[in-house]
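One structure is given below, represented as structure tokens, and several questions about it will come after.
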Amino acid sequence: MKLGDVYVNKKDKSIIQIDSYATHMGNFPEKSIVIFRQMERHNELFGSLPSFNGYGSRGEIEEGYDLLVPQEKLQNYSDWNEIFDMVEKSR
């Protein structure tokens, strides 16, 4: 799991992107949590709102989501339209 990876929810097909990692109060020896942004499409606009960011352990995310586009392959897509369309076609 890397920053920038795009995942799709196994049930509702919502899309998230790994945004950052965090530890409680900067206690780095602790296990970190994964922060993700919920990606949304509104007509022709794409993006996320910080107030809808989520978090979980790596295991929790991998249990509920499938890797859709690894960060290193994002360059193969011209924009988020292609990614959202790919998910829509898989429904």
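Along the sequence shown, the residues carry numbers beginning at 1.
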Interatomic spacing from CG in N53 to CD1 in I16 - rounded to 0.5 Å: 10.5 Å
Minimum-distance pair of heavy atoms, taken over all atoms of S32 and T23: CB-CG2, 3.9 Å
Spacing of S90 atom OG and L68 atom CG [to the nearest 0.5 Å]: 8.0 Å
Heavy-atom check, side chain of Y21 versus side chain of M1, under 4.5 Å: yes
Rounded distance [0.5 Å steps], CG in N81 versus CE in M86: 12.0 Å
From CA spacing to verdict: side-chain contact (heavy atoms from CB on, under 4.5 Å), I18, R58: CA-CA 10 Å; I18 304 304; R58 178 184 181 131; over 6 Å; no
Residue pairs passing the salt bridge (Lys or Arg N to Asp or Glu O under 4.0 Å) test where at least one lies in residues 45-56, sequence neighbours excluded: none
Non-hydrogen atoms of V34 and S57 that approach each other most closely: CG2-C, 4.4 Å
Side chain to side chain contact (heavy atoms under 4.5 Å, CB included) against F52, all qualifying residues, sequence neighbours excluded: L49
Flag if over 12 foreign heavy atoms under 6.0 Å of OH, Y55: no
Heavy-atom side-chain contact between E60 and I33 under 4.5 Å: no
Atom NZ of K2: over 12 foreign heavy atoms under 6.0 Å: yes
Hydrophobic cluster identity match, I61 and I35, side-chain contacts under 4.5 Å: no
Just list the side-chain donor-acceptor pairs under 3.5 Å for residues 6-13, sequence neighbours left out, or say none.
unit_1: N9; atom_1: OD1; unit_2: K11; atom_2: N; d: 2.7
unit_1: N9; atom_1: OD1; unit_2: D12; atom_2: N; d: 3.0
unit_1: K10; atom_1: NZ; unit_2: E62; atom_2: O; d: 3.4
unit_1: K10; atom_1: NZ; unit_2: E63; atom_2: O; d: 3.1
unit_1: D12; atom_1: OD1; unit_2: S14; atom_2: N; d: 2.9
unit_1: D12; atom_1: OD1; unit_2: S14; atom_2: OG; d: 2.8

same_hphob_cluster(F36, L67) at 4.5 Å side-chain heavy-atom cutoff: yes
4.5 Å side-chain heavy-atom contact, I15 and W80: yes
Heavy-atom side-chain contact between I83 and L74 under 4.5 Å: yes
From M39 atom CE to S48 atom OG, the distance as rounded to the nearest 0.5 Å: 5.0 Å
